[in-house]
Structure formats: structure tokens, C-alpha cells
Amino acid sequence: MKVVKFGGSSLASGAQLEKVFHIVTSDPARKAVVVSAPGKRYAEDTKVTDLLIACAEQYLAAGSAPELAEAVVERYALIANELQLEQSIIEKIRDDLFTLLEGDKSNPKQYLDAVKASGEDNNAKLIAAYFRHKGVKAEYVNPKDAGLFVTNEPGNAQVLPESYQNLYRLRERDGLIIFPGFFGFSKDGDVITFSRSGSDITGSILANGLQADLYENFTDVDAVYSVNPSFVENPKEISELTYREMRELSYAGFSVFHDEALIPAFRAGIPVQIKNTNNPSAQGTRVVSKRDNTNEPVVGIASDTGFCSIYISKYLMNREIGFGRRALQILEEHGLTYEHVPSGIDDMTIILREGQMDAATERSVIKRIKEDLQADEVIVEHHLALIMVVGEAMRHNVGTTARAAKALSEAKVNIEMINQGSSEVSMMFGVKEAEERKAVQALYQEFFAGVLVSSCT
Ligand code: ASP
């Protein structure tokens, strides 16, 4: 039995839904279908989720947003008309949306989540109706009725373990299950969403709960590429990856698959297959616990911008019990999360996403580190990019770091930081954001010998 998830671009129009119908019904093992909200139809289009966020914000600020609300309804209406579905479906979507928008706003974060989640919820209802219209037995399943419970963290929910047993009961149902992605319910009965692109997470949870044999994730590319295709022309497609490799790559900028979506499938030992709705016969990328072909040390190179580093230096830091803990506690007290902490005998560098730290917080953190920890020097550097060179086989391949460092030095990229060894499957380089592209291209050239995309694109 397979759980299949379709992303927003696969569900953006009637024509796309026809492809989805064909894919689902061409394999009887495809039993549960997880859907996103309608996404972009073309590059400049707006996703329904973004329209809903703008709409909820305007309601909160001004009490109404008629144009935005109608724009949302219009997206579903266009799809329904294209597929010749009954008008009553759209009337119901309109009524439910306006009831929701005009409802309780006493908790704005939770109100926003409920409005955001309606994008997938209404889409699942519409898609179930479309499948039935085509003569296939299909049923919309509400996550609350199915027992998908999550933590009460609006916009950042995590699944509660009991959900898996609850979801297992869905196996008894006849016909196709059409399940909205992106949200669950708190124990108090409120709608709570996962982080953005979280329908991938729902699919993985459902695959685990239903104990599926495979989790198929349909998107709009043929495979996961070994590097960002806007940096390198025709990058190599990856046919097989381990969960650990995929997690490292998606964390550092590979947006094909949500980086938190692997764990539920991984825990249940369910492989994930990434495929293209627009080209379903392409092989795609398979994510597994173990792969046989690990001859090449590097499987992919990912990069992401928007990091900063806090460099702390203090003579005899290595002898001071609790120094690291106290430094990190200062971050904790400022509500900051960190990503990496490379350290030496007299210094440590804390790398964090800079978007979470405004100028006042930065000043306060520096002051506290200087005063409380009596640090000799504290320097914050902004606009860093992190580059992750990822591959299980790096562990038993000699000289991978040397090759990477040489490639960067030949490209005249200054390495601000290296973190190698704490993760067995990746090596991290910190460079200035302005050097990101050049650095990634140099590394790709070294490990994959590819054709580069000229830097003016
Ligand atoms: N529609 C939601 C988003 O745009 C979730 C998803 O598509 O996975 O973030």
C-alpha cells in the first residue's frame, strides 16, 4: 500500500488535477492521497496559502478583505469549472471560508493557522468530489476525525506520537482516502499548522500511521538534483539517497522536500520516492535507510544564505568548566536558536540564522557574553552562506576535505569557517554570501565536473 502526496503546483489547475487522477488510479496500491492547497500555475502566480495569509492579516487589521477572499474562492472556482464539477461545491467553499474569516479572532496566531489550513482542507474536499465525479470511490478525511494530533505551536506544530495508532484505523476504510496536508489538531481541538510546505510532513506521518510500503511524493521536478539548478546547468540527478543525506541537503536549501518530513517515514522504515506529476514515468529519487552505491564520496552540494556567526575568544577557554553551556544559555535567554558551534581551545563560533536577531538583541547578546563570560573578544559577522557537501561515502573516502578546500582556494573563495566531523555525512563551509555561487560552482566542478551557468543569470 502506498501513500501519495501531491504538492501545490500539481494541484494548481483542472489540467493538473487530471494528471493527478490518472497517476492515482493507474496503481491500485495508491490508497491514501495527501494534498496541498493549489499552488502556482506560472512563475509570477500567487499560491492559495499566500493569498489566505494576506487575507487573514487584513481581516485582523481591518475587519474585512473582500478582494482577497474572493481571489481565494476564484482559484477553486476556476478548477471546478475546468473539471465541470457542480457549482454547489464552490458555494460551500465560499460559505465556509467567509464563516471562518468572520469567526473568533481572540487568538490571532490560531486564527491565522485556521485560515491557512483551509487552503488544503477545501482542496481535499474538492479533489474527493472530483474523483467521485469520475466514478471512483473516494472520501475526504478530516484530520481531527482521523486522530492527527499535534503540539499547540501555531505555524510550527509537531506530531504527537498517539496519532500514528489513530491513523492506522484508516486502513479499514474502503476506497481512496483524500487527506488534507499541512495541519493537525491540538488536544484542545484547534487547527494547528506545520511550518510552511508542511504537507510533506503530513504525507510522511500518514505513511507511518498506515504502515505503508512506500511514500510517494509528487512534485514538479524529475528528481532531486545534486546541486541548485540555478547555479549549474543540467545538474546530475540523484537516483538514490539515504535519509541522512536527504535531511542534510533539504536543511541547507534543497526545497524539493521539507527537511522535517523524513523522520516519520524513516522511523517506520518506509522508503520515500520523489516523482514528477508532469513526467510520472521519470524514475525520480528514492530515499532509503541504506544504499549500496556509495562509490562517489559526494552525492549533493547544498547552500543557504542568511546566517551570521558570533565568534567568542577567551584565553584558556578549554579549562573553564561550563563556558559553552553559559554562552549557549545567553542565546537561549534571548530566544535564539543556533545551527552549528565549531570550537577550538580558546575560541568558539556560534552560527545562527540572522533573521531571528535584530540590532538590539545583537547588542544585548554581545554585552552579556563580554560581561558574564569575561570574553576577550566577541565579533559578530553577518551575511554568511553555509555550504553543505553531503555524502555517506565521505566517511571512508580519503581526501574529500582536501579536494573541497583546494577547489575553493583555486576559485579564490575565502573559507570563513569549516565544520567537519560532527556529522558523519556532511562537511560544512561558511563563506560570504556574495561568494556563495562561485563556491558552489567550484565544488560542483570538483566533484561532478559539470557545466556551469553563467553568473549573470
Ligand atoms: N500550502 C502550504 C504552503 O504553501 C503547505 C504545503 O504546500 O505543503 O506552505
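Just the heavy atoms: all of them, side chains too, but no hydrogens, waters or symmetry mates, feed the values below. Quick note: residue numbers are just sequence positions, from 1. Each ligand, and each atom within it, is numbered from 1 in the order the structure gives.
Side chains of Tyr140 and Asp121: a donor-acceptor N/O pair is present below 3.5 angstrom, by distance only. Gln441 and Gln445 are not linked by any side-chain donor-acceptor pair at a separation below 3.5 angstrom, with hydrogens and angles left out of the test.
Screening Arg30, Gln273, Lys275 for a side chain to side chain donor-acceptor pair (under 3.5 Å) involving Glu216 leaves a single residue, Arg30.
In this structure, the side chain of Glu245 engages the main chain of Thr242 through a donor-acceptor pair within 3.5 Å. The backbone N or O of Ser195 sits nowhere less than 3.5 Å from a side-chain atom of Asn156 that would complete a donor-acceptor pair.
The ring pair (Phe, Tyr, Trp, His ring centres under 6.0 Å) check on Phe21 picks up Tyr130, Phe131, with sequence neighbours excluded.
Listed as neighbours of ligand 1 are Ser36, Lys47, Thr49, Glu120, Phe182, Arg196, Ser197, Gly198, Ser199, each bearing a heavy atom under 4.0 Å from the ligand.
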